[in-house]
Amino acid sequence: MQSNNPYFTQPTNPYYRRIDLPAGDLHVFAHDELFHAMGNKVLEMANNNLQIPHIRYMSYTPDAHVGVGTCIGTTAVWGAEDGFVSPSIVGSDIGCGMRVHLTNLQASELQDVKLRRKLVKAIEKRIPVENHARGYFSDIRLEDVLRKGLHGLPGKYVPDAYTPRKATSLTHVESSRFHFDEEALNRIPEPVWHRSHRQLGTLGGGNHFIEIQAISLNEENRPIAESWGLRDGQVAIMIHSGSRAWGGAVNQYSGSEVVKTMHRLGLGTSDPKLVFAPLGSEAGQTYANLMYSALNFAVANRHLMAFAVRDAFKETFGAQAETRTLYDLMHNYACEEEHDGEALFVHRKGTTRALPAGHADNPEPYRETGHPALIPGSMGTSSYLMVGAQDGGRNYHSICHGAGRVRSRNATKQLVTVDEFAASMRIGREDEIVVNHRGLEAILDESPQAYKDVDRIIDSVVNARLADVVAKCRPLAVVKGV
DNA sequence: ATGTCC
């Protein structure tokens, strides 16, 4: 196949290529066809990102697509000593990520469409999805959440046997707590504190969702699945959300200082939307500190929503309904990690860390198998539970974060009809994927036609030997915001 | 993504 990009070379492996861009090397983990579908703009963006000083590594996952300043699907690595931090690479929704809970229900128990509707209503009663709506967790101190993450929540929101055993990992639910210089919190003005406090326990819009799913195991990895507590036909809960208004304010109130620092140091690229500062500079430190507060917010917020969904399950299916935590991990963040004994500063923008079996950074309950890597599909299509492969170290243990958009929100609204969307959700059939919105036009820009085929993305991740499929999760019902 | 133009 002929390519129109000037850096095209025939790869020896159809699932990986190294591209020798003027500013440095870009590593692409995607099947040829997916790579060619990305277009040249993603290469221009990579070339800009590679101009940030001291960058050691940059790659794209197969779901990579154009974002602001940096593509979604980017892994970018610096040394911790002479590194840079880039708000543009972390992205606008700091701490955005996934959470999965396992229930003791089987999908056959949700066969009645009326029961799925009842469950969706019970979730909506506890998690407002409208824009500007306030959450139901006013007894929580925002400052505690920002400073301590999950550890800042009152004990009643962390029920016994709700989270896995104690473990040490930044992204593990139980120990999720990002330490930072709390002085930086004073940068955020009072109205944002007020708004963010009200937003605790709210979902947000765009691609955020709460989905009820049915699990099917990949036979090859059945032992891993079973050790994680997965069963065929088991009902799971998947939550996708981020740091809401707080993360946006972090970007807003630390961004101008980052830009000033760039100017002072004479740094920049042809893209004014690509901003960065030395990790050791005052602006870099301020941004990093505030970014960590947003990570704390995002993890605690997903936890609170999971707590609310747990209540909804108990109301719908009785007190014996269980919803234990499988895992929670982010796909928009930057933090220090050790790779091959060296301290590095790793950015992931729309990429998911997937550690393999035996890796020391796995939380203890997942040390032997590798931790679950949670990959959402598009609405109406399956999501995946993955586990990192040993070869994943080639990409700093980063894999995709989902299907990846294939057309813009506006283009989707032009192209896709409500009827086509309804058909893909099987609306009106006994096996319909129940959606909380009665009028699908409100979320038409999130229809599956807006996204790449997640199965092909997963195929690339598996064949690039970054991760393996442990289970596939078929949607039964979905709650979307606006 | 975002109180998406208080």
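The structure displayed is predicted, hence computed values, not measured ones.
Within the nucleic acid shown, A:G206 comes within 4.0 Å of sugar-phosphate atoms alone, with no base atom in reach, counting heavy atoms only. If you check every strand for non-hydrogen atoms under 4.0 Å, A:G204 touches sugar and phosphate atoms only.
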Extract all donor-acceptor atom pairs below 3.5 Å that involve side chains of residues 84-98 of chain A and protein atoms in other chains or at least two apart in sequence.
from  : atom 1 : to     : atom 2 : distance (Å)
A:S86 : OG     : A:S88  : N      : 3.2
A:S86 : OG     : A:I89  : N      : 3.1
A:S86 : OG     : A:V275 : O      : 2.7
A:S88 : OG     : A:K273 : O      : 2.9
A:S88 : OG     : A:V275 : N      : 2.8
A:D93 : OD1    : A:S243 : N      : 3.1
A:D93 : OD2    : A:H208 : NE2    : 3.0

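One atom, CG of A:N410, and another, P of B:dT4, lie 17 Å apart when rounded to the nearest Å. Rounded to an integer number of Å, the gap from A:D93 CG to B:dT4 P is 16 Å. We find that CG of A:N301 is positioned 10 Å from P of B:dT2, with the value rounded to whole Å. Between the CZ atom of A:R409 and the C1' atom of B:dT4 there is a distance of 11 Å, rounded to whole Å. Look at CZ on A:R198: it is 16 Å from P on B:dT2, rounded to the nearest Å.
Between the side chains of A:R244 and A:T202, at least one donor N or O lies within less than 3.5 Å of an accepting N or O.
A distance of 6.0 Å or more separates the ring centres of A:F35 and A:Y60. When ring centroids are compared, A:H331 and A:H240 come within the 6.0 Å threshold.
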Inset, instruction - Could you check A:F29 against A:S460 for side chain to side chain contact (heavy atoms under 4.5 Å, CB included), going step by step and ending with a plain yes or no? - result: CA-CA 7 Å; A:F29 294 88; A:S460 267; over 6 Å; no

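Listed by residue number, the members of residues 244-256 of chain A with any heavy atom below 4.0 angstrom from DNA chain B are A:R244, A:A245.
Between B:dT2 and A:H208, a contact under 4.0 Å exists linking OP1 or OP2 to a side-chain N or O.
Checked against side chain to side chain donor-acceptor pair (under 3.5 Å), A:Y396 has no partners two or more places apart in sequence or in another chain.
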